[in-house]
Amino acid sequence: MAKEYEIVMGLEVHVELKTKTKIFCGCTTEFGGEPNSHCCPVCIGLPGALPVLNEEVLNYAIRAGLATNCEISRYSRQDRKHYFYPDLPTSYQISQGDKALCHNGHLDIEVKGRTKSIGITRIHIEEDAGKLIHKEGVGTLVDYNRSGVPLIEIVSEPDLRSGEEVKAYLQKLRAIMLYIDVSDCKMNEGSFRCDVNLSVREKGSSEFGVRAEIKNLNSFQSIMKAIEYESGRQIKEINEGGTLIQETRRFDQETGKTYSMRKKEDALDYRYLPDPDLMPIVIDDELIKSIKDSLPELPDTRKSNYMKKYGLSSYDAEQLVSSKDVANYFESAVKLSKDTKTLANLMISEVFRFIDNDEFKEPFPAEYLGELVNLIEAEIINISTSKKIIEEMTNSSKTPAQIVKDKDFEQINDKEVLSPIIDEAIGNSQKAVEEYKSGKEKALQSIIGQIMRATRGKANPQVVNELLLERLIEES
Ligand code: ADP
Ligand code: MG
Ligand code: ZN
């Protein structure tokens, strides 16, 4: 019998902080710009230049720690982590080794109707590296504008078991970072990026397998694909009697596969040592308290408010609070709408398709959405027509009522009008009618489908259902 495997994952998420200036110098952190124009002797690592810690980085990192239920270290240290790469001018990155600023946190995710707590091992501060640019026919160029941009690295426990959980974790983490306003979290600009550590093990086993760290994941789509490919690869390797080695792998978007980059370094290889130019970081209770008091409402609080106030399910509420802008948009629509549940459903199943994750822009005014829900509530249109209207609203500035009028979308509620259409559909569907009578409830769907097509989707589904059942009972 084929063995059953379980996937085990832990994430390292890098978040670029929104400070105005870099972590150890006064250069701007602005994204882009003429290559090497946001640089100074400190951030390009010239000999003799001295780093001075930007205090704002600590405030932001502590905010992130408190918002993810971490303990804040009263004493932590900044260490040099040595490795050679051309985008790292000093040949060491200033990071934190065993004494991280925050540790022992967790956050809750919602998957398949269950809440699961994912452990956060630690959050530490560090500097970003520069960027290599590979130019055809020219060679490899280096841009140090990003060098020294402050980062926090959020390391999770190996608590994640599926792509779905990873996605929920990242969405939640990103939502929290956006709520507390420490980063703009743009995946496409690299200000929120993640490495996935993945291993597999036989189901029921209590030991972890050998992990691979997958890098270069810059969209949710890449992450999901990489997890699927890499877990399949590891299982295959084990089933064929091979051995896995701990390594760093790169995900290639083109092929959808992961490729070995290097054997994984151990902490020892990095020769962590305290940076002699930087003082230990000492944090007092007062600072922690003042940051705690300044935290805004977090997604989980907003979520439970939505559940209480609007009677939404945990899943629906979780989706709606996943971005502050989306939640605010939803709340503007709620003010006008007479049915919050329908509104929530439309938001999640339809409107979300027109919202860009990285850059929120209203697809159409929130008031229109509220108005649309009220048209459904008043039985002027049905749900399926409302979807067409949503689509239409994204390309025009018309109100829902105008669109209903212009496109003749009004729902047909009148039994007199619907009766002959229903009779005709029954007449055309003798086979389905027989099936229904012999107990196959599903057979009705094809008849209803015909009626909907005949009315361009405008028939009131409830009235159709009633009339149809009446007719079929009469017939038998
Ligand atoms: P490194 O510096 O080697 O990358 P870190 O401590 O920064 O190590 O990160 C290790 C990550 O790998 C953590 O997120 C942890 O949860 C995860 N991890 C550790 N062991 C395993 C394993 N066997 N399978 C999957 N993930 C693992
Ligand atoms: Mg790491
Ligand atoms: Zn600088």
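For reference, positions follow the sequence shown, starting with 1. As the structure lists them, so they are numbered: ligands from 1, and atoms in each ligand from 1.
Using a 4.0 Å cut-off between charged nitrogen and carboxylate oxygen, Arg201 and Glu6 count as a salt-bridge pair. With respect to Lys324 and Asp181, no salt bridge is recorded, no charged nitrogen being found less than 4.0 Å from a carboxylate O. In summary, Lys303 and Glu110 engage in a salt bridge, as defined by a charged side-chain N under 4.0 Å from a carboxylate O. Salt-bridge check for Lys172 with Asp300: passed, with a basic side-chain N closer than 4.0 Å to an acidic carboxylate O.
Only the side chain of Arg122 comes within contact range of ligand 1, with a heavy atom under 4.0 Å; no backbone atom does. The proximity of Val155 to ligand 1, defined as any non-hydrogen pair under 4.0 Å, is limited to the side chain. Using a 4.0 Å cut-off between heavy atoms, Glu12 contacts ligand 1 through its side chain alone, with no backbone atom that close. Within the 4.0 Å heavy-atom criterion, the part of Leu11 lying near ligand 1 is the backbone and not the side chain.
Set against the non-hydrogen atoms of Phe208, the atoms of ligand 1 under 4.0 Å away are 23 (N).
Atom 23 (N) of ligand 1 has its nearest heavy-atom neighbour, among Pro158, Ser156, Gly209, in Gly209. For atom 8 (O) of ligand 1, the choice among Arg201, Arg211, Glu213, His124 with the nearest heavy atom turns out to be Arg211.
The minimum heavy-atom distance linking Ile123 with Gly65 is given by the pair CD1-CA, 3.9 Å.
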Exercise. Could you walk me through whether Tyr306 and Tyr310 pass the ring-ring contact (aromatic ring centres under 6.0 Å, His included) check?
Worked result: CA-CA 5 Å; Tyr306 279 14; Tyr310 306 132; 5.4 Å; yes
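Not less than 6.0 angstrom separates the ring centroid of His82 from the ring centroid of Tyr270.
Among the atoms of Cys25, an N, O or S atom is found under 2.8 Å from the Zn ion (ligand 3). Not one N, O or S atom of His38 sits under 2.8 Å from the Zn ion (ligand 3).
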